Amino acid sequence: MKTTTRGLIGAACAAAVLMPASSAAAHDAATQLIFTRTEPDRSPRTVTLTCDPIGGSHPDASSACAYLADAELALPDSDSGVRCFRYYPVELRAHGTVRGTAVSIEHTYGCVVPDLPAPWKF
């Protein structure tokens, strides 16, 4: 009986030691981002986004996570055909991880911000 009890206790201890490693691996593959939008005459807006599980302060976290599940985090280029009458720089930034890969994106639009994908709509 003592041998069986020791075996069970040993197995439970081994499982307990292995659990943090597996949860850490799952945590490393998560998506965790901080988005910031800066424009003249307004306070910067910052939101957070987490996926797996979905959360953060992003106003549409589920759509943003659904987008990131199938596509890379990117920003569209500025339209070179647009002529600005008034320079109004809008800077968009995102830093963090997407599916466990570090990302850092920054882009400044001079006067017209194109239609943005779901993660950038906040």
Side-chain angles (χ1 to χ4, degrees):
M1 181 72 173
K2 286 184 181 180
T3 305
T4 305
T5 305
R6 284 185 189 158
L8 292 173
I9 292 172
C13 289
V17 169
L18 293 176
M19 287 177 107
S22 63
S23 64
H27 181 70
D28 289 344
T31 296
Q32 300 177 335
L33 293 162
I34 299 172
F35 292 92
T36 304
R37 180 180 178 124
T38 306
E39 52 192 296
D41 306 326
R42 292 188 178 183
S43 297
R45 288 183 281 167
T46 300
V47 298
T48 59
L49 175 68
T50 58
C51 301
D52 307 318
I54 296 172
S57 62
H58 195 286
D60 194 0
S62 59
S63 293
C65 288
Y67 177 89
L68 292 172
D70 297 326
E72 295 299 315
L73 181 65
L75 282 165
D77 290 331
S78 298
D79 184 353
S80 60
V82 173
R83 300 291 178 235
C84 297
F85 293 105
R86 177 177 164 236
Y87 183 66
Y88 188 83
V90 175
E91 182 180 308
L92 297 169
R93 294 185 306 271
H95 302 284
T97 58
V98 175
R99 295 181 305 277
T101 302
V103 295
S104 182
I105 296 174
E106 295 183 20
H107 189 78
T108 301
Y109 296 98
C111 60
V112 176
V113 178
D115 188 30
L116 299 171
W120 297 99
K121 294 182 180 181
F122 59 91

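Here the structure is a predicted model, which means the values were calculated and not measured.
- Proximity of a side-chain donor or acceptor of Ser57 to a complementary backbone N or O of Thr48 within less than 3.5 Å is detected.
- Within the 3.5 Å criterion, the main-chain N or O of Gly55 finds a donor-acceptor partner in the side chain of Thr50.
- Ile105 and Leu92 fall within a single hydrophobic cluster, where Ile, Leu, Val, Met, Phe, Trp and Tyr side chains are chained together by heavy-atom contacts under 4.5 Å.
- The minimum heavy-atom distance between Pro119 and Ala64, with the atom names listed, is CA-CB, 3.7 Å.
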Donor-acceptor contacts, no H, no angles, side chain residues 66-74, under 3.5 Å, sequence neighbours left out:
unit_1: Glu72; atom_1: OE2; unit_2: Arg99; atom_2: NH2; d: 3.0

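- At distances below 3.5 Å, at least one donor-acceptor pair connects side-chain atoms of Thr97 with backbone N or O atoms of Ala30.
- Here side-chain hydrogen bond (donor to acceptor under 3.5 Å, both in side chains) pairs that include residues 106-116, with residues two or more places apart or in two chains, are Ser78-His107.
- Hydrophobic clustering (ILVMFWY, side-chain heavy atoms < 4.5 Å, transitive): Tyr88 and Leu75 are in one cluster.
- Surrounding CG of Leu116 are more than 12 heavy atoms belonging to other residues, nucleotides or ligands, all under 6.0 Å away.
- In this structure, the side chains of Val112 and Cys84 stay at 4.5 Å or more apart for every pair of heavy atoms.
- Relative orientation of the Phe122 and Phe35 rings is tilted, given thresholds of 30° and 60° on the angle between their planes.
- Within the model, atoms CD1 of Ile34 and OG1 of Thr46 stand 8.0 Å from one another, a figure rounded to the nearest 0.5 Å.
- Taking NE2 of His95 as the start and CZ of Arg93 as the end, the distance is 6.0 Å to the nearest 0.5 Å.
- The shortest non-hydrogen separation linking Ser63 to Ala118 is O-CB, 3.8 Å.
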